[in-house]
Every structure is written in structure tokens, then in C-alpha cells.
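Okay, structure first, notes after.
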Amino acid sequence: MTKTDSTPPTDFIRSIIGEDVKANKNGGRVHTRFPPEPNGYLHIGHAKSICLNFGIAAENKGGLCNLRFDDTNPSKEEVEYVESIKEDVRWLGFDWGDRLFYASDYFDKLYEYAVQLIKDSKAYVCDLSPEEIREYRGTLTKPGKESPYRSRSVEANLDLFERMRAGEFEDGSHVLRAKIDMASPNLNMRDPVIYRILHAEHHRTGDKWCIYPTYDFTHGQSDSIEGITHSICTLEFEDHRPLYDWFLEQLKIFHPQQIEFARLNLSHTVMSKRKLLELVEQGVVSGWDDPRMPTLVGLRRRGYTPEAIRDFCERIGVAKRDSMVDIALLDHSIREDLNQRAPRVMAVLRPLRVVIDNYPEDQVEELEAVNNPEDPGMGTRKVPFSRVLYIEQEDFLEDPPKKFFRLAPGREVRLRYAYFIKCVDVVRDEKTGEVVELHCTYDPETRGGWAPDGRKVKATLHWVSAAHSLSAEVHLYDHLFLKADPTDEKDGADFKTYLNPNSLETLTSCRVEPALAGAPPGSRYQFERLGYFCVDTKDSSDEAPVFNRTVTLRDTWAKIKKAHNKNTDG
RNA sequence: UGGGGGAUCGUUCAGCGGCAGGACGGCAGGUUCUGGCCCUGCAAACCAAGGUUCGAAUCCUUGUCCCCCAGCCA
């Protein structure tokens, strides 16, 4: 995708790095990393971080970005997640080369670091229970108390730590703690736990270990080992930085620079892995790849392109203030991308039968339609036209309001690429009064949609030939949540109470033009006047195609209707 | 009333002592065989109060509000 005037993004992180390069810090090297925990699927918030880290590496000469899994908690992490994460990063368009790492690669090294701290009297084995540790920690305003085990000898600590590793103790009975300052105003410095006993099988190291380093003891050192120059993370780790600095200083090892930025919040959805997991587990959505999910697998299945997501990540910027990006911006990014590349096609979601009374019974014409007005190179196709057609139910109104330009009794409109037609009769269901069929006449002089006499119509409708169209199922998606910030549970409500009951609407009697026969899973189209749709990658088949609506077209008629309703209701 | 961060159009990102700007959204037009795209125009903001200065969104002071931290999660 080519952007006409894409200026290279600048933000405070890139400025800092630019200064560092200019000052020849780290010999001018720029090395970042994307460090996910393999305990869930990646979402669009991760995409922001991925684009930042891989983007910065790509923008700097010789710059590199590692993919490293922070797999320090075997009880929550699974291979399923590491595979999906790798796939998602690749799909987004980034490449970690041969630099795929795991924090678990460093378990031996980390153990040595811990031993080193013990030998320097900077760490000790503590026998306090989790509850006791919490009590001893103090509170935000009250300093903590020192553990009674704080002054054990180096020898005793070495022995105990070795026995922890050997599996002599039960989970939770002992921990290794850094010896820093129980009175520190920064709670992270109050003798934090750096190793805990977890008799759990690790997805990579198996049962080699029954003690595991905490994230805090792992992350900074892993960055150091990999020679990461700029360790970019989110705001909540800002007060962990002094702790990471402390470890690096005590261990006398390479010191990456940590820079924090605000994580992405998107309106009308949730971004926390815990909440997303809850939606999956409770069956609110069909899975991590439900097209309503903000996960990368979900967005992909919904029809989003990596280009659009990258464009979005560029538009939202990077800063330190907490923010909530309007999901309308994501809509804009995908529309802009798909407008350029998606072939146009006609599909009728809610069919209304139309009979062209003066059209010969057995005649069929092949009319030429352009595949993409934005890109003439995409060529044209033939669309069959015959006596019986379908149009969209909402394109006809018996009693049209002022600004309704579409079909109505006695009114003439154009059928796209076909003919001008005029509505001459309306057939109703005898019982319900519902309009079930329209009778129209066509003007043979307007073949292709042009009027030789230059007369104008106010509307152009999409349509399909009844006999030639294919049936299809269509999934209409809308925001998962009605409330912009479902996380705002101040009135006591659970975030799920703000779920949009209409976030998915399934239409089973849709008709699509024959050109869509055999459309491959994942392929994207614009259904003219309706929106962008893609062939579902899971539930679609040649016999029973399923299309997912990625996003609607901008719809000014919908806005007019809405404004009108508001006025009449009020 | 412990510590760490942050406050600029509705939203978001710029502006780093010298005309507050862009994008999305909104509104109004133009164009149009998609009520799409595209084009034009309009409305729209410096948390507050003091101070320094010829000049303050920017520097200083004092407030106010918001976010994060009391996992052996990350």
C-alpha cells in the first residue's frame, strides 16, 4: 500500500533514541525487543507495541528487534499461545530473523545471578508465608518491617536456595528475596521476591526447575543479556525501573535504558487479557478469533489487513498520557486501505423481489461492471441481468420521507451498471401487509445505466439477478460494547453488563452476484453501498459461503435518518 | 497529605519563550452510475490561580483533577 504523504512518525521515544544514536551511545546501536508473555492471544494493544519496537529497529541503520517470550510463570503459559503470537507478529509484517528468544533460555544464568546476589549478601531466603510477607511489606503510607530471616548467613542462604532448587520444599514455603530497603517509599524496593517455588511443568524446560524467577528478576536481566539498548514498556512499569536498575548495578552487567509509554485503550472494547479470557471462557464470544474481538486473530478473521492495523498504530501516536482512542479511527484505517484494494461486487443482504414487467421472459444480458473505480487496472467483469431481480428491502419505501432518494411507487432509479427502472406496482402479503414484491418497468434506452436524453435519477441501487445469484450467509458485526469504556465499572456494574446485544447479526438469506463463486477464504470485497466483507476462514465453504462484514461504508443516509428520528422522538 | 507518572479542540497526537497545528469525528457545500471515494469550507482546545518576561501552552510557585504501585502475576 502506498501512502501519498506518509511522514516518518516522531514521538518522544524516537526522539530519545535519535539523540542516543547521535551521541553514539552503545556505539550507535539500536536494539529493541517485543516481550510478550505466552498466556493469551495478542490484541491490537500489542500491535501498538510491536509496531513501535520493530518500527524503531527498522528505522535505524543496523537496528534489530528481538521476539522474546517472557515465560517465567509455567502455571499460566502454554505453547498454543507462543505459536499464535509468532504467527500474529509475522502476519503484522515483522521479522525477528534468528532472534527468537525465551526468558527460560536464561534460567541457568538467572540462577547464577541469584547466587551472586546471595554471595554479596544482597539476597536471602525467607520462610515467611505469603500472608506474612504481605503484612511485613507495610502499606503505601507505612514502612515495612524486616523479615526475621533477613540476616541469615551467606552459607545458610546458599544452602537453602540450593535445597529450594532441589525440590526439598513445598510451594510457598520459601522464597528468595532481594535485600534492599523495607522502608523504601517505593514498594517494589521492599525486599521483593525474586525466586519462588513452583512445582509446575514448564512448556519449554519441562521439570528441570521447581523454582522460577519472578518477572521483576527476569525482565531487566534478559534485556541485558540480549544487549537491548532501549527497553520500551508500558507506564505501569515505571516504578519498577529503580528495581531493575538496582539488579543491573549489583550484578554489574550491561544496562539497557527503559522507556515507558501509555498503553492503548480503544473505545467500545476491552483490552485486558483477563477480560478477554473471560469473554472466551464464558462463551460470550465464539473464541479468541471471534471477529468481534480486538485480538489480532479476531481482527484478521474480521477482514482487517496488516496494513490497516499498522496505519492505525501510526495514527494513534505514542505518548505518556492515558488515553482512549475512538474506535472510529480504526474504522477509518481499514476503510482507507480497502477502498484502494477491495474489488467491488454486488450483494443483497435482505432481498426484495423485483419483476421487470416489460423485460423479455427468457432474456439474459451480461452487463459490464467496473471492479474498482479507484484502480482501473483491476478491470471489469460481466454481471447477468434478467427479468426477476433482488434489491435491498431498505432501498424501497412506499411512503418515502423528504430526503429518501431511493425507489418508491412511481419513482425512477438506476440499477447500477444496468438500467433505469420505475416502480409501477407493489405486491403485499395478504395477511401481514408486508411488501413482498415490486413490479417495475425498465427503459431499454438506458442500458449500462446511461440515459441518452440526459435525464437524472437521484439514486443508484445495487441488485442481483434472482436466477443467477448465489445464496450466502452474512455476519454483520458491530461494537462488542455499547459503552465507550466498559472498564468503567464505577456504578458497580460488571463490564459485561455493557455488552452490545446486537454485536452480531446473522443473515442467512442473502444473495450475491455469481462472480463471488469460489471466492477463497479470507478474500475481501466491497459489497457496493454496504461495506467491506471477507470470506470467513472458518465457517465458509464453496457450497455455503459465509461473509463477515469488516466495516460498513460511511453512511450519510443513516446519519440523516438518525438525526430525523431524534427530532421526531424528542 | 508514601512514591511514581500525567493534564492542549468531542477523541488523539504535535507545538520545547515569538501567529496554538495535523488526523479522526462533527457540521455545511461541491462532485458523483456507490447517500462510497475525492474536493472545499466551518465550528472546535492550552486544568486553575499567581509570578518571571516586551512576549508563556512552554519557565517558576501554589493548588486542582486523573492514572499506576501494598501478587510468591506480567
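These numbers were taken from a predicted model, which means no experiment stands behind them. Below, chain A is the first sequence line, B the second, and so on; all start at residue 1. Any value given below was found using the heavy atoms of this structure, including those in side chains, with hydrogens, waters and symmetry copies removed.
In this structure, A:Lys320 is not positioned above the aromatic face of A:Phe261 in the sense of NZ or CZ being under 6.0 Å from the six-membered ring centre and within 45° of the axis.
For A:Asp223 and A:Arg33, the salt-bridge test passes: some basic side-chain N is under 4.0 Å from an acidic carboxylate O. At a threshold of 4.0 Å, the pair A:Lys275-A:Glu278 does not count as salt-bridged, since none of the basic side-chain nitrogens sits closer than that to a carboxylate oxygen. Between A:Glu392 and A:Arg529, none of the side-chain N atoms (NZ, or NE/NH1/NH2) sits under 4.0 Å from a carboxylate O, so this pair counts as no salt bridge. With respect to the salt-bridge test (charged N to carboxylate O, under 4.0 angstrom), the residues A:Asp375 and A:Arg344 do not qualify.
Across all strands, A:Leu128 comes closer than 4.0 Å to base atoms (heavy-atom distances). In this structure, A:Arg406 reaches the bases: a heavy-atom distance under 4.0 Å links it to at least one base atom across the strands shown. Among the heavy atoms of the strands lying under 4.0 Å from A:Leu553 is at least one base atom, whether or not backbone atoms are also near. Here A:Arg344 lies in heavy-atom contact (under 4.0 Å) with a base. Looking at heavy-atom distances under 4.0 Å, A:Phe404 makes contact with a base. No contact: A:Val457 has no heavy atom under 4.0 Å from any strand. Here A:Glu528 lies in heavy-atom contact (under 4.0 Å) with a base. Looking at heavy-atom distances under 4.0 Å, A:Pro373 makes contact with a base. A:Tyr212 comes within 4.0 angstrom of no nucleic acid atom, judged by non-hydrogen atoms across all strands.
Of all nucleotides listed (B:C67, B:G26, B:U34), B:G26 comes nearest to the side chain of A:Arg554. Closest to the side chain of A:Lys320, out of B:C72, B:C68, B:G5, is B:G5. In the set B:C67, B:C73, B:A70, B:C73 carries the atom at the smallest distance from any side-chain atom of A:Lys76. Considering only side-chain atoms of A:Val193, the nucleotide from B:C72, B:A74, B:C73 that sits closest is B:C72. Checking B:U34, B:G25, B:G35 against the side-chain heavy atoms of A:Ile560 singles out B:G35 as nearest. You'll find that the side chain of A:Lys559 is closest to B:C27, out of B:C27, B:A74, B:A70. Closest to the side chain of A:Thr141, from the set B:G2, B:G4, B:A74, is B:G2. Nearest nucleotide to the A:Asp322 side chain, out of B:U34, B:C67, B:G4: B:C67. Across B:C72, B:G36, B:A23, the shortest atom-to-atom separation from the side chain of A:Arg315 is found for B:A23. Relative to the side chain of A:Asp239, the nucleotides B:G35, B:C72, B:C69 differ in distance, and B:C69 lies closest.
In this structure, A:Asp488 places its CG atom 13 Å from C1' of B:C67, rounding to the nearest Å. One interatomic measurement links the two molecules: CZ of A:Phe12 to C1' of B:C13, which rounds to 12 Å at whole-angstrom precision. Atom CE of A:Met189 is separated from atom P of B:G3 by 15 Å (rounded to the nearest Å). Distance, A:Phe533 CZ to B:U34 P: 18 Å, rounded to whole Å. In this structure, A:Ile133 atom CD1 and B:C73 atom C1' are separated by 15 Å, rounded to whole Å. Between A:Ile259 atom CD1 and B:G6 atom P there is a gap of 14 Å when expressed in whole angstrom units. Going from atom CG of A:Asp485 over to atom C1' of B:C67 covers 12 Å, rounded to whole Å. A:Asp311 has its CG atom 11 Å from the C1' atom of B:C24, to the nearest Å.
Taking the P atom of each, B:A56 and B:G17 are spaced 14 Å apart, rounded to whole Å. Only the P atoms considered, B:A23 is 16 Å distant from B:A14, to the nearest whole Å. Using atom C1' as the reference point in both B:A57 and B:A70, the two lie 37 Å apart (nearest Å). Comparing B:C24 with B:C38, their P atoms sit 9 Å apart, to the nearest whole Å. Only the C1' atoms considered, B:G63 is 31 Å distant from B:C19, to the nearest whole Å. The separation of B:U58 from B:U8, taken at their C1' atoms, amounts to 11 Å, rounded to a whole angstrom. For the P atoms, the distance from B:U12 to B:G50 is 28 Å, rounded to whole Å. Here, B:A43 and B:C37 have their C1' atoms 24 Å apart, quoted to the whole Å.
When the side-chain nitrogen and oxygen atoms of A:Arg321 are compared with OP1 and OP2 of B:U11, none of them lie within a distance under 4.0 Å. Within the structure, a side-chain polar atom (N or O) of A:Thr72 is placed less than 4.0 Å from OP1 or OP2 of B:A74. Distances shown here put a side-chain N or O of A:Arg134 below 4.0 Å from the OP1 or OP2 atom of B:G71. Residue A:Ser267 places none of its side-chain N or O atoms closer than 4.0 Å to OP1 or OP2 of B:U11. For the OP1/OP2 pair of B:C13 and a distance below 4.0 Å, the side-chain nitrogens and oxygens of A:Ser323 include at least one atom meeting the criterion. Contact between the side-chain N/O atoms of A:Arg190 and the OP1/OP2 oxygens of B:G2 is not found at any separation under 4.0 Å. Contact annotation: A:His462 does not reach the phosphate of B:U34 (side-chain N/O to OP1 or OP2, under 4.0 Å). Look at A:Arg137 and you'll find a side-chain N or O under 4.0 angstrom from OP1 or OP2 of B:G71.
Judged by atom type and distance alone, A:Glu374 reaches the base of B:G36 through a side-chain donor-acceptor pair under 3.5 Å.
The residue among A:Asp127 and A:Leu530 whose nearest nucleotide of RNA chain B is located toward the 5' end is A:Leu530. Summary of the strand contacts: A:Leu140 and A:Asp216 both lie near RNA chain B, and taking for each the nucleotide with the nearest heavy atom, the more 5' one is attributed to A:Leu140.
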_Applying ring pair (Phe, Tyr, Trp, His ring centres under 6.0 Å) to A:Phe169 and A:His174, what does each step give before you reach the verdict?_
CA-CA 7 Å; A:Phe169 306 117; A:His174 299 70; 3.9 Å; yes
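The aromatic rings of A:His219 and A:Tyr244 sit tilted, their planes meeting at an angle between 30° and 60°. Ring geometry for A:His240 against A:Phe237 counts as perpendicular: the plane angle is over 60°, on a 0 to 90° scale with 30° as the lower cut.
Base orientation of B:G71: syn (glycosidic angle within 90° of 0).
None of A:Tyr106, A:Tyr111, A:Phe107, A:Phe217 except one satisfies the ring pair (Phe, Tyr, Trp, His ring centres under 6.0 Å) rule with A:Tyr212; the exception is A:Phe107.
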